[in-house]
Chemist: 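Following this message is one structure expressed as structure tokens.
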Amino acid sequence: MLRLGLLLLILPIFVLMGVYFWELNDVRECALIQGGHWDYLAGVCRESPQPFVPWVERHPWLVNGGMLLSLAGVVMCMLGLYVKRR
């Protein structure tokens, strides 16, 4: 139970960071190489300035689900440390 708890605690963090930095790479390519403005809602590079939309508003299920999985991992780790091994 402890190993599964640690996996649930750590894995969502890396998934969220991976998805976030994947999108950040596209944003930086649009701004620095193509000289455009990133449309956060459509996920494309545009010529005109676009409003900024926070990541948590665009992917609420991914963020909240990752936090819930991490919380479940903490609970499983605590139970795994609390219960004696047989």
Side-chain angles (χ1 to χ4, degrees):
M1 183 179 293
L2 184 61
R3 289 182 184 172
L4 182 60
L6 285 172
L7 183 67
L8 284 177
L9 180 64
I10 301 299
L11 190 62
I13 295 169
F14 285 115
V15 169
L16 285 173
M17 285 176 42
V19 173
Y20 174 78
F21 283 115
W22 186 308
E23 184 184 57
L24 182 63
N25 183 35
D26 293 339
V27 172
R28 290 179 55 90
E29 179 183 349
C30 173
L32 298 176
I33 296 174
Q34 297 176 7
H37 301 278
W38 187 254
D39 185 357
Y40 289 95
L41 293 176
V44 295
C45 191
R46 305 230 188 241
E47 295 296 323
S48 62
Q50 302 294 316
F52 174 73
V53 180
W55 201 70
V56 70
E57 287 184 18
R58 290 179 277 129
H59 304 288
W61 287 101
L62 188 62
V63 174
N64 293 333
M67 295 301 285
L68 285 175
L69 282 176
S70 291
L71 182 62
V74 168
V75 170
M76 289 180 72
C77 285
M78 292 179 73
L79 287 175
L81 291 171
Y82 182 73
V83 175
K84 290 184 179 180
R85 293 184 185 174
R86 296 180 184 201

Chemist: Taking atom CG of Leu6 and atom SG of Cys77, what is their separation to the nearest 0.5 Å?
Modeler: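 One finds 4.0 Å between CG of Leu6 and SG of Cys77.
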Chemist: Tell me whether Tyr20 is reachable from Ile13 by hopping between hydrophobic residues (I, L, V, M, F, W, Y) whose side-chain heavy atoms are closer than 4.5 Å.
Modeler: yes
Chemist: With a 4.5 Å cut-off on side-chain heavy atoms, are Trp38 and Gln50 touching?
Modeler: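 Gln50 does not reach Trp38 side chain to side chain.
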Chemist: CZ of Phe52: more than 12 outside heavy atoms within 6.0 angstrom?
Modeler: yes
Chemist: Measure up the Trp55 and His59 rings against each other and bin them: parallel (under 30°), tilted (30 to 60°), perpendicular (over 60°).
Modeler: tilted
Chemist: Within this structure, what is the CH2-CG distance for the pair Trp61 and Leu68, rounded to the nearest 0.5 Å?
Modeler: 9.5 Å
Chemist: Quick check on side-chain contact (heavy atoms from CB on, under 4.5 Å): which of Leu81, Leu7, Leu4, Leu9 does Met76 satisfy it with?
Modeler: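 Only one of Leu81, Leu7, Leu4, Leu9 forms a side-chain contact (heavy atoms from CB on, under 4.5 Å) with Met76, namely Leu4.
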Chemist: Side-chain heavy atoms under 4.5 angstrom apart, residues restricted to Ile, Leu, Val, Met, Phe, Trp, Tyr: same cluster for Leu24 and Met17?
Modeler: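 Yes, because Leu24 and Met17 connect within a single hydrophobic cluster, where side-chain heavy atoms sit under 4.5 Å apart.
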Chemist: Quick check: is Leu8 connected to Phe14 through a chain of hydrophobic side chains (ILVMFWY, heavy atoms under 4.5 Å apart)?
Modeler: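 Each belongs to a different hydrophobic cluster.
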Chemist: Restricting to non-hydrogen atoms, name the atom on Pro12 and the atom on Leu69 that form the minimum distance, rounded to 0.1 Å.
Modeler: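 Scanning both residues completely, I find the closest heavy atoms to be CG-CB, 3.7 Å.
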Chemist: Testing the basics here: between Cys45 and Gln34, what is the closest heavy-atom pair and its distance to 0.1 Å?
Modeler: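 Nearest pair, atom of Cys45 first, then Gln34: SG-OE1, 3.2 Å.
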Chemist: Is there a path of hydrophobic side-chain contacts, each under 4.5 Å between heavy atoms, that joins Leu79 and Val74?
Modeler: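 No; Val74 is not reachable from Leu79 via cluster members.
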Chemist: Please check: side-chain N/O of Arg58 versus main-chain N/O of Val53, any donor-acceptor pairing under 3.5 Å?
Modeler: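 Between the backbone of Val53 and the side chain of Arg58 there is a qualifying donor-acceptor contact (under 3.5 Å).
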Chemist: Please tell me whether Met78 and Leu71 are part of a single hydrophobic cluster in this structure, the criterion being side-chain heavy atoms less than 4.5 Å apart.
Modeler: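 The answer is no; the residues belong to distinct hydrophobic clusters.
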Chemist: Taking all atoms of both residues into account, what is the closest heavy-atom pair of Glu57 and Pro60, and its distance?
Modeler: O-CD, 3.7 Å
Chemist: Can you tell me if Asn25 uses its side chain to pair, donor with acceptor, with the backbone of Phe21 under 3.5 Å?
Modeler: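 Answer holds: no.
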